[in-house]
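So that the names make sense, note that chain A is the first sequence line, chain B the second, and so on, each numbered from 1.
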Amino acid sequence: MRVLVVWCPDWSVVAALEEAALPALTPAAVLRAGVVQVCNAAAREEGVRRGQRRRDAQFRCPDLALLPDNPERDARSFEPVLEAVEELSPGVAALRPGLVAVRAPDRYYGSETNAAAVVAETLVRAGVWDCRLGVADDLFTAEQAARTAAVQDCAVVDPGGAPGFLAGLPVEVLEADGPQGRGCVDLLRRLGLRTLGDLAALPADAVQHRFGRYGTDVRRRARGETPAYVTPRTPPPDLDAEVAFEPPLDSVETICLSARRTAEQLVAALAERQLVVTGVRIEAESDGTLCSARTWLHPRFFSARDVLDRVRWQLPGAVHAPVERVRFVPEVVEPAADHAEGLWGGTGEEMVARGVARVQAMIGFDAVTRPVLQGGRGPADRQQAVPWGERPTGLRPVDRPWPGQVPGPAPACVFADPPASEVCDAEGRVVAVTERGAVTGEPSRFRLDGTWQPVAAWAGPWPVDESWWTGGTGRGQGRCSRFQLVGVDGRAWLLRCGPSGWSLEAGYD
Amino acid sequence: MFEDRRVSTPLVLEQLRERVAVMEGGPARLPVPVVASLAGAVSLRTGGSYAVDADSLALSLVAGASSAGEWVGFVGWPDFGAEAAAAAGVDLARTVLVREAGEQWLEVVAALVDVLRVVVLRPPARVDAKSAGVLDARLRKRSSVLVVAGAWPRCEARLSLEDVCWTGPDRGRGRLRERRASVVVRRGTTPAVRIDLGGRAVTEREPLRALG
């Protein structure tokens, strides 16, 4: 099987220049961590090289355009090239952005040179003028052939001619393999091996012994012995659905009625691939122009009826002329398994995570929390609300004794903002706790929401002296005592007597 | 699995049938488990809203569902007592807590109803019948239960905690030990059902440590 490789040199720079809307011939370099990753021919002419530091590159070429490194952008902008090649011959294998392999379509176009010419022409028409093609028996040879080719030209290595072609190439071609290749090239040069032919002529066991697995692999490649593993990609399915109206319709109800089948087909086509759509873009055309387009998101996933509901909501405000075409573009597609309902009850964790993320988008990231327990003495200290999606950090361990904590059942209501209170004895004096932990009087009434309530029973104090070294008097700082008070209505409260007076910490109900 | 949950085979079949019915057609009113102490008086069904008047009652109402593996959420609940919730049987790992929902509390509840089985709400403002109706429809569609602490236009049942009496403290000695209370369930015009939560209804955190 013959392989055709299309090589677009310095693709990262091409893509970055296109994104930055700069002319294609500007000297430019893509940098990562202050080091030149890729530069184009114009920059190379000025002396810019891969691996140079930013400062050195700018010194060589002051008007060098410095562009950020972004592999996703490279892959994204290479997609049209893939599609253009795929149009001509199916089974495209994208090796990396800028390099694509395809089974050489020789018979259909007459010869390999003709086929390559057609591919080059298509690419130039798609706007990629710097493309070089190579045809050979295997992938490595085809790639090397493409690298030797001129712009928009094709280099063909005849069947069986790979070893001869590769033998003349300098070992520096291995530098494209990354750090491993660069290390290997350095070693080969020091050993006096200048060409791939020199390496291929060495005995296999010696190479294996000296260069390890990578060296053996390179030797096999240099001898043209690697089979051409072109793993073709499966083209992504085209899931867009559209419906045309003839004559154009102006009533939303009629449009929805006519679009129902299309919406059902869309949902069914997705379901066949075990997918559901959670974000769909609805476009409407009238008079040959797009008159309304909007993306709708669904809290779970769209059924056909949901899609039509969105049409019904979108069109009345936006369309003023009869609509001749409605298109549904599924924008966010997710595996149906994520949205499946468990047979045994319980909602999937994925779904909960999505729903909560939606709430977070509504009211703020840290407004949605997950309660966790931790150690501490007061009831408010013993719990913590961790923002949803974050890992709790700095929690106090629960399994310590925490002397001074209030025993008994935990209060159901722990005031986030403890209201001030007051506790008086029978003579009306405010009850306090001495330094030695003695209560100055017997609590007989306490203030609750501005009204006084008699105390039916009380327990305490549980004195603690926390963080006395900070000198603060706030919550959880300094000397304080806690009391459990039961009012005459039978409900119980936890009160705290601190340096700044009494406060209501928690309620048992 | 079945032995662990002590569920008999016909009951399992019945539950499965209900789940299948839900997947096939309209939402059914599925039962949601409640804790044993309340089981005689109230049964939660999806799509319903229930009003309570005490925090501990809300906690024990969701505890059944939470310990059965469902996700629960609390909205507008700044005074959440996590320890009491854990003691009541709420699994904190499957709990979503929105302390302050702000102006958009109704939207927040609606979004949580989509994904959680039980949502507990303390409405920060009065809610009109129309908004409540919209939320009720959402509850039925998503098979969720709403527990409201406060006023709510239409409720399946109203639970109130009455005759609360804490015992244990004695003039400075002792500590809170026991709560006696009764839960009154009012359901439409039917006579109220009263059950006593006597004795050890409140789970102890740990026995009293000997303090020197």
Which heavy atom of [X] sits nearest a heavy atom of [Y], and at what distance?
| X | Y | value |
| --- | --- | --- |
| A/Asp509 | B/Leu161 | C-CD2, 3.7 Å |
| B/Ala82 | A/Pro371 | CB-CB, 4.2 Å |
| A/Ala459 | B/Gly174 | CB-O, 3.3 Å |
| B/Arg175 | A/Gly408 | NH1-CA, 3.1 Å |
| B/Glu83 | A/Gln383 | N-OE1, 4.0 Å |
| A/Ile363 | B/Gln104 | CG2-OE1, 3.8 Å |

Of the listed residues (A/Ala506, A/Cys413, A/Ala457), which shares the most heavy-atom pairs with chain B below a 4.5 Å separation?
->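 Going by pairs under 4.5 Å, I would pick A/Cys413.
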
Report the option among A/Ala492, A/Pro443, A/Pro379, A/Gly487 that has the most heavy-atom pairs separated by less than 4.5 Å from atoms of chain B.
->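 Most pairs with chain B among the choices: A/Ala492.
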
Do the non-hydrogen side-chain atoms of [X] and [Y] ever get within less than 4.5 Å of each other?
| X | Y | value |
| --- | --- | --- |
| A/Asp489 | B/Val164 | no |
| B/Leu176 | A/Val486 | yes |
| A/Gln484 | B/Trp166 | no |

Check whether [X] gets within reach of chain A through its side chain, its backbone, both or neither, counting any heavy atom under 4.5 Å.
| X | value |
| --- | --- |
| B/Asp55 | both |
| B/Ala85 | neither |
| B/Arg173 | backbone |
| B/Glu103 | neither |

More than 12 heavy atoms from other groups under 6.0 Å of CZ on A/Arg305 =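 Atom CZ in A/Arg305 is not crowded, with 12 or fewer foreign heavy atoms closer than 6.0 Å.
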
Looking at B/Pro78, B/Ala58, B/Ala93, B/Ala65, which makes the most heavy-atom pairs under 4.5 Å with chain A?
->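 Most heavy-atom pairs within the cutoff with chain A belong to B/Pro78.
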
Any idea which of B/Leu112, B/Asp163, B/Leu92 has the most non-hydrogen atom pairs under 4.5 angstrom with chain A?
->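 Going by pairs under 4.5 Å, I would pick B/Leu92.
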
Could you tell me which portion of A/Trp388 (side chain, backbone, both or neither) has an atom closer than 4.5 angstrom to a non-hydrogen atom of chain B?
->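 Contact with chain B involves the side chain of A/Trp388 alone.
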
So which part of A/Tyr508 gets closer than 4.5 Å to some heavy atom of chain B, the side chain, the backbone, both or neither?
->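 For A/Tyr508, the contact with chain B is made by backbone and side chain together.
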
At what distance, to the nearest 0.5 angstrom, does OG1 of B/Thr95 lie from CZ of A/Arg370?
->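 B/Thr95 atom OG1 to A/Arg370 atom CZ measures 9.5 Å (nearest 0.5 Å).
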
